[in-house]
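Notes follow the structure.
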Amino acid sequence: MTAKTRSHWKEYGTALCATLITATAGTCYGWPSPILNYLQSPQSHIPTTSDQGSWIVSIMILCSALTPIPSAYFADRFGRKTTLLLGAIPFILGWLLVIVAKSVAVLYVARMFSGLGYGIVYTVAPMYTGEIATNEVRGALSTLITLMNKVGILSQYCIGPFVTIRTLAAINLILPITFVITFIFLPESPYYYLKFERSERAERALRHLRSGDIRLELKNIEINVQEDMKNRGTWSDLITEATNRKALWISLGIFTIQQFCGSAAVVAYAQVIFEVTESHIEPYQETIYLGCVQVATCCLSVLLVDRVGRKPLLLLSALGVGLMNGVIGTYFYFYISNKASVASLHWLPITGILIYIVCYAVGLSTVPYVIIGEMFPTNVKLYASCVAHIYTGVSMFAVQKLFQVVKDAWGIYTVFWGFSVFSILGLVFMLAVLPETKGKSFACIQAQLKRDVARDNASKLMTVEY
């Protein structure tokens, strides 16, 4: 163990305990993939139609859009730690309901609870890990949130096919309970304490998180908190300030591409997708391969984002997922209309989806959140993040719900062709409007946005005069 690793072990340990809750969110996200086939089978103890199945998948994400604003308020008022601990309760209730469920309606309610927890976790966990970390490990701890989520998804792919629905729920219940038992003993964010001028508690929390002298760091945190308190923004600043307005519509455009390229549907319906084709590999095995690739590649964009840049990664990602969606859709079209013509290409769906996952991971999976962090001033960043979470939740719900509807009405190939069209349109959008922020200071990014706004206004004025 190196000296550097030793000096940060407290931060890594705390973040690992904190991100057990994001692994819990991952289990909820990946749970439908191995379970849907059973629920819709004649052996199911809860008979489920394909339409009901799509609601079981998507209602969780829809409910996740309800909690970002309340959880941001709670985190500000009662603390990041307290809010994360409260966020475990909906997950626990959700899995308990799955264990006792005897009807689809109870599964709906269980998924609603999981959705409420999901929205809390993804609003507050990045805030907590960002505030307990030093600059040297902040990127690594941010990656841990995504990594633990993917591990949670993979656990469902690996365990789900071999156990009953109730056993899987009981196993999943272990994670949020373990999170509460371990996290309750860990410190609150020192930023939160200093915001309410509780210097002694902030110092005590920081000592739990650091090795060595903390006085200079504590003073710097205090200065940063005082600056933030002086320059407090409002929700209206997102719309009234021209640079914020431009940053918002660019950010929401990128999140639209992130969702409508189909990633949420591919992850949730992975086993259903693989069941469509005949392959030498069992569908559940293909799903496990998909989960392993997700885990392996989730850190890839973090390694590349500061070397290659944000815009090139997003463009490459959109191009890759667009091409793979087109290829997979075309394969399914010929498989359904003339199976013999693609008999030798049985390897194509799994290969195409694995390449899709890699392309998605290197850009669209994580870079949009980097863009949010870089394009907005500190005083409105939380508001922008809440808007992004709500918009993402609604968009993800639409993708997951419409996947089954469009698949049943017009065929699975139509779904993938639609994802391909959205990906390519997104590529054009980002090529036209997205600025590169790599290696630029916040002041430089804001100056660039102001120049863009001024140019847009001048262009509109010339058009009116003409």
Original post:
Yes or no on side-chain contact (heavy atoms from CB on, under 4.5 Å) for Val266 and Leu290, after CA distance, side-chain angles and deciding distance?
Top reply: CA-CA 10 Å; Val266 170; Leu290 184 154; 4.2 Å; yes
How many angstroms lie between atom [atom1] of [X] and atom [atom2] of [Y], to the nearest 0.5 angstrom?
X	Y	atom1	atom2	result
Leu348	Phe332	CG	CZ	9.0 Å
Tyr29	Ser64	OH	OG	9.5 Å
Met324	Ile357	CE	CD1	12.5 Å
Ile281	Phe274	CD1	CZ	9.0 Å
Met127	Arg80	CE	CZ	5.5 Å
Lys339	Ser341	NZ	OG	11.0 Å

Taking all non-hydrogen atoms of both residues into account, name the closest pair between [X] and [Y] and its distance.
X	Y	answer
Tyr122	His389	O-NE2, 2.8 Å
Ile371	Ile254	CG2-CD1, 4.2 Å
Val362	Val367	O-CG2, 4.2 Å
Pro176	Thr24	N-OG1, 3.6 Å
Ser365	Gln258	O-NE2, 3.5 Å
Ser58	Gln400	CA-OE1, 3.5 Å

Side chain of [X], backbone of [Y]: donor and acceptor closer than 3.5 Å?
X	Y	value
Ser420	Phe416	no
Asn149	Ala23	no
Ser423	Ala318	no
Asn325	Cys261	yes
Ser33	Gly30	no
Ser71	Pro68	yes
Glu188	Lys81	yes
Thr19	Thr22	no
Ser263	Gln259	no
Thr67	Leu116	yes

Taking side chain as C-beta onward, heavy atoms only, is [X] less than 4.5 Å from [Y]?
X	Y	value
Ile355	Thr351	yes
Tyr192	Asp76	no
Ile153	Gln294	yes
Phe179	Leu85	yes
Cys292	Leu154	yes
Glu241	Val380	no
Leu144	Leu147	yes
Asn244	Ile239	no

Subject >> Passing option when Lys401 is tested against Ile59, Leu62, Asp51 for side-chain contact (heavy atoms from CB on, under 4.5 Å) >> reply: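 Exactly one pass, corresponding to Asp51.
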Could you tell me whether [X] atom [atom1] has more than 12 heavy atoms of other residues or ligands within 6.0 Å of it?
X	atom1	value
Trp410	CH2	no
Tyr383	OH	yes
Tyr73	OH	no

Original post:
Can you tell which of Phe255, Tyr391, Phe429 makes a ring pair (Phe, Tyr, Trp, His ring centres under 6.0 Å) with Trp249?
Top reply: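 When ring pair (Phe, Tyr, Trp, His ring centres under 6.0 Å) is applied between Trp249 and each of Phe255, Tyr391, Phe429, only Phe429 qualifies.
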Subject >> side-chain contact (heavy atoms from CB on, under 4.5 Å) assessment of Tyr331 paired with Leu345 >> reply: CA-CA 8 Å; Tyr331 172 86; Leu345 299 175; 3.9 Å; yes
Just by distance, no angles: are the side chains of [X] and [Y] close enough, under 3.5 Å, to form a donor-acceptor pair?
X	Y	answer
Asn37	Glu275	yes
Asn172	Thr27	no
Tyr157	Thr287	no

**OP:** Report the C-alpha distance between Phe183 and Tyr128 in whole Å, list the side-chain angles of each, state the deciding distance to 0.1 Å, and finish with yes or no for ring-ring contact (aromatic ring centres under 6.0 Å, His included).
**Re:** CA-CA 12 Å; Phe183 192 62; Tyr128 180 79; 5.3 Å; yes
Original post:
Would Cys28 and Arg111 count as a side-chain contact (heavy atoms from CB on, under 4.5 Å) if you check the C-alpha gap in whole Å, the side-chain angles of each, and the deciding distance to 0.1 Å?
Top reply: CA-CA 8 Å; Cys28 297; Arg111 296 289 285 169; 4.2 Å; yes
**OP:** Using the ring-ring contact (aromatic ring centres under 6.0 Å, His included) rule, take Tyr333 and Trp417 through it: C-alpha gap first, then chi angles, then the decisive distance, then the call.
**Re:** CA-CA 10 Å; Tyr333 175 79; Trp417 283 343; 5.5 Å; yes
Original post:
Quick one: are the ring centres of Trp55 and Phe397 less than 6.0 Å apart?
Top reply: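 Ring-ring flag for Trp55/Phe397: true, centres closer than 6.0 Å.
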Subject >> Aromatic ring pairing Phe403/Tyr269, orientation class (parallel under 30°, perpendicular over 60°, tilted between) >> reply: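 If you compare the ring of Phe403 with that of Tyr269, the planes turn out parallel.
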**OP:** Please report the C-alpha distance between Thr330 and Tyr413 in whole Å, then the side-chain angles of each, then the deciding distance to 0.1 Å, and finally whether the side-chain contact (heavy atoms from CB on, under 4.5 Å) criterion is met.
**Re:** CA-CA 6 Å; Thr330 303; Tyr413 52 86; over 6 Å; no
